[in-house]
Amino acid sequence: LVDNQSATANVTLYGANVLSFMPKVPANMSDLLWVSPAAVFNGQKPVRGGIPICWPWFGKHPVDSTLPAHGFVRNLLWQLDSARRLDSGATELVLSVESSDKTLKIWPYPFHLALTITIGETLSLSLCTTNLSGTDMVITEAFHSYFRVSHANQLTVLGLENSMHVDTLSGMDRCLQAEKLFLSPPIDSVFLNHASEVIIEDSEFSRRISIAKQNSISTVVWNPGEDVVKGFQDIPNDQWHTFVCVESGNVLDNVVTLKPNEKHCLSMQLSGLLY
Ligand code: TA6
């Protein structure tokens with residue numbers, strides 16, 4: 001648990017998941033992040049909520065369906081390399097995980113992966129991949145962020161305009177996302193070639209959540225809706241509307257290729273504004 005002058009936050013080393021972020025300014029800003037009341041914390045299954053790290057692939061493994069969805073680092077215990085207070089008063093945590101015999105069996109590439117979390121008036125995450133193999137490394141990745149909202153079908157998502165929309169619920173055809181997005185779950189949409197800030201506008205909470213990002217050209221918007229949620233043991237059926245996932249990463253066509261010894265950092269900044 002981190003509690004400084006700007007915010008409180010809760011981070012678990014299992015999957016390097018930021019489970020909670022509550023800025024202290026403006027006062028009474030409720031948690032920006034959502035964790036399911038039925039989340040499992042047994043170290044056997046990723047916690048349903050917070051900001052799960054999808055790496056080194058997003059979604060189903062492209063070839064081997066027996067491999068876990070969204071890669072394998074959200075199922076690993078990460079190590080805490082450092083925790084320090086910055087001059088700004090923010091708290092900086094560095095967590096990391098490296099390839100091992102276990103990971104090399106799943107994915108034959110030596111790697112180092114570090115997550116730098118900066119907890120201040122905004123929450124910043126930077127996921128840095130270093131390719132320790134002697135060949136090119138191709139990854140997809142995402143911060144699979146769960147945001148707490150008033151009602152998932154009363155939200156507007158701004159900033160996706162002019163990106164390429166892939167509605168994974170109705171096939172994989174691509175069309176231009178011309179307008180801002182009015183959510184009506186179920187939704188499982190990928191926005192490709194999208195690099196800009198996204199705003200979740202939640203009028204009932206009078207809150208805008210800003211999601212800014214760097215080195216990311218994909219955004220995914222997901223909410224299962226009242227039927228599909230029944231297939232998730234760790235989401236109560238009557239809670240489907242209390243969250244939306246807006247995921248910042250590089251997915252589907254937007255793969256990242258790292259040369260040997262190359263380092264790539266996916267970064268994101270979250271902040272809440274009351275209006
Ligand atoms: O981000 C969208 C998605 O890929 C959905 O298709 C759904 O599977 C969701 O992620 C949750 O995946 P998980 O493996 O965390 O249950």
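Just so you know, ligand 1 is whichever comes first in the structure, and atom 1 is the first atom listed for that ligand.
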CA sep, side-chain torsions, deciding dist, call: R174, D167, salt bridge (charged side-chain N to carboxylate O under 4.0 Å, His left out) | CA-CA 8 Å; R174 283 134 171 73; D167 177 357; over 6 Å; no
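- Atoms of ligand 1 lying under 4.0 Å from at least one heavy atom of F58, given by number and element, are 1 (O).
- H70 NE2, 3.5 Å is the protein heavy atom nearest to atom 12 (O) of ligand 1.
- Close contacts of ligand 1 with F232, meaning ligand atoms under 4.0 Å from a residue heavy atom, involve 16 (O).
- Between F111 and W55, a ring centre-to-centre spacing shorter than 6.0 Å is recorded.
- With a 4.0 Å cut-off on non-hydrogen atoms, K60 does not touch ligand 1 at all.
- When hydrogens are left out, the protein atom nearest atom 16 (O) of ligand 1 is R48 NH2, 2.9 Å; that is the closest non-hydrogen contact.
- Every N/O-N/O distance between W222 and ligand 1 stays at or above 3.5 Å.
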Just distance, no hydrogens or angles: give the donor-acceptor pairs under 3.5 Å from side chains in residues 61-71, sequence neighbours left out.
residue	atom	partner	partner atom	Å
H61	ND1	V63	N	3.0
H61	ND1	D64	N	2.9
D64	OD1	T66	N	2.8
D64	OD1	T66	OG1	2.5
D64	OD2	T66	OG1	3.1
H70	ND1	G59	N	2.8

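- Defined by atom type and a distance below 3.5 Å, a donor-acceptor pair is present between the side-chain atoms of S218 and N254.
- Of the N and O atoms on the side chains of K213 and T219, at least one donor lies less than 3.5 Å from an acceptor on the other residue.
- In this structure, atom 6 (O) of ligand 1 lies nearest to the protein heavy atom D188 OD2, 2.7 Å.
- In this comparison of K45, E247, R74, H144, the heavy atom closest to atom 10 (O) of ligand 1 sits on H144.
- Separation of the W57 and Y109 ring centroids does not fall under the 6.0 Å cut-off.
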